[in-house]
Chemist: 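Provided herewith is a single structure, encoded as C-alpha cells, for subsequent inquiry.
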There are 2 protein chains.
Amino acid sequence: MMNPLVQIFKALSDPNRIRIIKMLEIKPLCVCEITAILNLATSTVSKHLSILKEAGFIFEQKEGKWVNYHLNRATQQQEVRELLLLTLKNGINDPMIQADREKIKSVDRATICSG
Amino acid sequence: MMNPLVQIFKALSDPNRIRIIKMLEIKPLCVCEITAILNLATSTVSKHLSILKEAGFIFEQKEGKWVNYHLNRATQQQEVRELLLLTLKNGINDPMIQADREKIKSVDRATICSG
DNA sequence: CTTTCATTTCGTTAATGAGCGAAATGTACA
DNA sequence: TGTACATTTCGCTCATTAACGAAATGAAAG
C-alpha cells in the first residue's frame, strides 16, 4: 500500500515514538507502563505501538494479562535494523529521554495499572 | 525547536522527497527540472526542497538564473550521512524511481522551463 | 460461566502537512 | 533602469495524523 521505506521513516517521525523506542532499549515494557511515563491516553499509546510494530521496530509477547513490547533488534529487515541502531546511538543527551529512563526504574506495573 | 532526529526522519517520510533524493543521486537538478519530472506545482517542489535542505540532505548552488540542488553527501552530520546512504541503497527496483531517472536523461532545462 | 482488567478498536476533534495559484523576490541581461 | 524569468513566500483548501473517551475484545482467574 505504501513505499516501505517511507512507512519506516514515518514510524520514526514522531517524538513520542522515538521516546518509546529509547525506553524499550532499557527493558521490555507493557502498555500501561509506557502510558504512565508518556502521560498520554492508553489508546494513544496503543496506536503508537501498533505503528512501530507494523514498521518492524518492535514485537509483542504476552505475559499473563500484560502485553510486553520488545525492541526487534534481530529483525531480518536490514533497513529497520540499521535505523534502530542509529536511533539508539542518538539522543543520549536529550533531557526528556534521560527523564523517561529514570522513571522506568521506579515504575511498578502492578501499582500503576488499575491505579 | 524540534528534536533534530525527528526532523530528519520527517524530511524522509514523504514519497516525493524520496524521489527527489534519488533523482539528485544521478545529477544536480534545478527546481524546474524537478517540477517537470514530479509533475507538481513549482511552489510545492520548492517547499519540499526547503524541507530537505533544512534537514541537511541537500544544498543549493546558484548557476545563472537557476538554483541547482545537490545531494549533501559530505555533510558533517553523521546521522544525515548514514540516512542518505541508506536511502540511496534502497528503492533501486522501484518502477517509479526508475522512470524518474529515465526522464532525467531527456530533460533539458532551457526547453522545459518557461514552457 | 462470569468477572476483572489490560489492551485494542471506534468515532470524533484538533493539529499538522501537502498541494495549488497568485503575488513577491531577486537576479541576469538587454 | 527595466524586463524576463526562476524561485520563494503567502493564503488557502483538503488530506492525514495525533489525541481523547467510550465501547469492544480477549484472556486470566475466580
Chemist: Could you please name the option among C/dA6, D/dT7, D/dT8 that lies closest to any side-chain atom of A/W66?
Modeler: C/dA6

Chemist: Listing time: all N or O pairs from protein to nucleotides 24-30 of chain D that are below 3.5 Å?
Modeler:
none

Chemist: Dump the pairs, protein N or O against N or O of nucleotides 15-21 of chain D, anything under 3.5 Å, distances to one decimal.
Modeler:
{"from": "D/dA18", "atom 1": "OP1", "to": "A/R17", "atom 2": "NH1", "distance (Å)": "3.0"}
{"from": "D/dA18", "atom 1": "OP1", "to": "A/R17", "atom 2": "NH2", "distance (Å)": "2.9"}
{"from": "D/dA19", "atom 1": "OP1", "to": "A/N16", "atom 2": "ND2", "distance (Å)": "3.0"}
{"from": "D/dA19", "atom 1": "OP2", "to": "A/H48", "atom 2": "NE2", "distance (Å)": "2.5"}
{"from": "D/dC20", "atom 1": "OP2", "to": "A/A41", "atom 2": "N", "distance (Å)": "2.8"}
{"from": "D/dC20", "atom 1": "OP2", "to": "A/T44", "atom 2": "OG1", "distance (Å)": "2.9"}
{"from": "D/dG21", "atom 1": "N7", "to": "A/S43", "atom 2": "OG", "distance (Å)": "3.4"}
{"from": "D/dG21", "atom 1": "O6", "to": "A/S43", "atom 2": "OG", "distance (Å)": "3.0"}

Chemist: Checking A/K62 now: which residues fulfil side chain to side chain donor-acceptor pair (under 3.5 Å) with it, not counting sequence neighbours?
Modeler: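 If we apply the side chain to side chain donor-acceptor pair (under 3.5 Å) test to A/K62, skipping adjacent residues, there are no hits.
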
Chemist: Can you tell me how far P of C/dA18 sits from CD1 of B/I20, to the nearest Å?
Modeler: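 Between P of C/dA18 and CD1 of B/I20: 11 Å.
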
Chemist: Assess the residue pair B/L29 and B/I20 against the criterion (side-chain contact (heavy atoms from CB on, under 4.5 Å)); give the C-alpha distance rounded to whole Å, side-chain angles, the decisive distance to 0.1 Å, and a yes or no.
Modeler: CA-CA 9 Å; B/L29 296 167; B/I20 290 174; over 6 Å; no

Chemist: Hey, does B/V6 have a side-chain heavy atom less than 4.5 Å from the side chain of B/K10?
Modeler: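 Side-chain contact under 4.5 Å: yes.
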
Chemist: Is a side-chain donor or acceptor of A/S46 paired with a backbone partner of A/T42 at a separation under 3.5 angstrom?
Modeler: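 Not a single qualifying donor-acceptor pair exists.
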
Chemist: Output side-chain donor-acceptor pairs under 3.5 Å for residues 64-75 of chain B, partner residues at least two apart or in another chain, one line each.
Modeler:
{"from": "B/N68", "atom 1": "OD1", "to": "B/R109", "atom 2": "NH1", "distance (Å)": "3.2"}
{"from": "B/N68", "atom 1": "OD1", "to": "B/R109", "atom 2": "NH2", "distance (Å)": "2.9"}
{"from": "B/N68", "atom 1": "ND2", "to": "B/E63", "atom 2": "OE1", "distance (Å)": "2.4"}
{"from": "B/Y69", "atom 1": "OH", "to": "B/E60", "atom 2": "OE1", "distance (Å)": "3.3"}
{"from": "B/H70", "atom 1": "NE2", "to": "B/Q61", "atom 2": "OE1", "distance (Å)": "3.2"}
{"from": "B/N72", "atom 1": "ND2", "to": "B/G56", "atom 2": "O", "distance (Å)": "3.1"}
{"from": "B/R73", "atom 1": "NH2", "to": "B/E25", "atom 2": "O", "distance (Å)": "3.4"}
{"from": "B/T75", "atom 1": "OG1", "to": "B/Q77", "atom 2": "N", "distance (Å)": "3.1"}

Chemist: Nearest whole angstrom, please: distance from the P of C/dA18 to the CZ of B/R19.
Modeler: 15 Å

Chemist: Got a sec? Which of residues 21-37 of chain A come in under 4.0 Å of DNA chain D, heavy atoms?
Modeler: none

Chemist: Determine whether B/F9 and B/N3 make a side-chain contact, defined as any pair of heavy atoms from C-beta on separated by less than 4.5 Å.
Modeler: no

Chemist: Taking the side chain as every heavy atom from C-beta outward, state whether A/D14 and A/H48 have any pair of such atoms under 4.5 Å apart.
Modeler: yes

Chemist: When B/V45 is tested against each of B/N39, B/I37, B/N16, B/I34 for side chain to side chain contact (heavy atoms under 4.5 Å, CB included), which residue passes?
Modeler: B/I34

Chemist: Between A/K27 and A/E33, does any NZ, NE, NH1 or NH2 come within less than 4.0 Å of an OD or OE carboxylate oxygen?
Modeler: no

Chemist: Between atom CD in B/E54 and atom P in C/dG17, what is the gap in whole Å?
Modeler: 13 Å

Chemist: Should we say atom CD of A/Q98 is surrounded by more than 12 heavy atoms from elsewhere, each under 6.0 Å from it?
Modeler: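 Check passes, neighbour count above 12.
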
Chemist: Distance check needed: C/dT7 C1' versus A/L52 CG, whole Å only.
Modeler: 16 Å

Chemist: Respond yes when some side-chain nitrogen or oxygen of A/Y69 is under 4.0 Å from OP1 or OP2 of C/dA6, and no when none is.
Modeler: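 For A/Y69, the contact criterion (side-chain N or O under 4.0 Å from OP1 or OP2 of C/dA6) is not met.
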
Chemist: Can you tell me how far P of D/dC5 sits from CD1 of B/I112, to the nearest Å?
Modeler: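 Spelled out: CD1 on B/I112 to P on D/dC5 is 16 Å.
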
Chemist: Given 3.5 Å as the limit, does a donor-acceptor pair link the side chain of B/K22 with the main chain of B/N90, or not?
Modeler: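 Yes, B/K22 side chain to B/N90 backbone: donor-acceptor pair under 3.5 Å.
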
Chemist: Please round to 10 degrees the angle between the axis of the first five pairs and the axis of the last five pairs in the helix from C/dC1-D/dG30 to C/dA30-D/dT1.
Modeler: 30°

Chemist: State, with a plain yes or no, whether a side-chain heavy atom of B/I112 is found less than 4.5 Å away from one of B/T35.
Modeler: no

Chemist: Can you confirm whether B/I8 sits close enough to B/F57 that some side-chain heavy atom of one is under 4.5 Å from a side-chain heavy atom of the other?
Modeler: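 B/I8 vs B/F57: side chains touch.
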
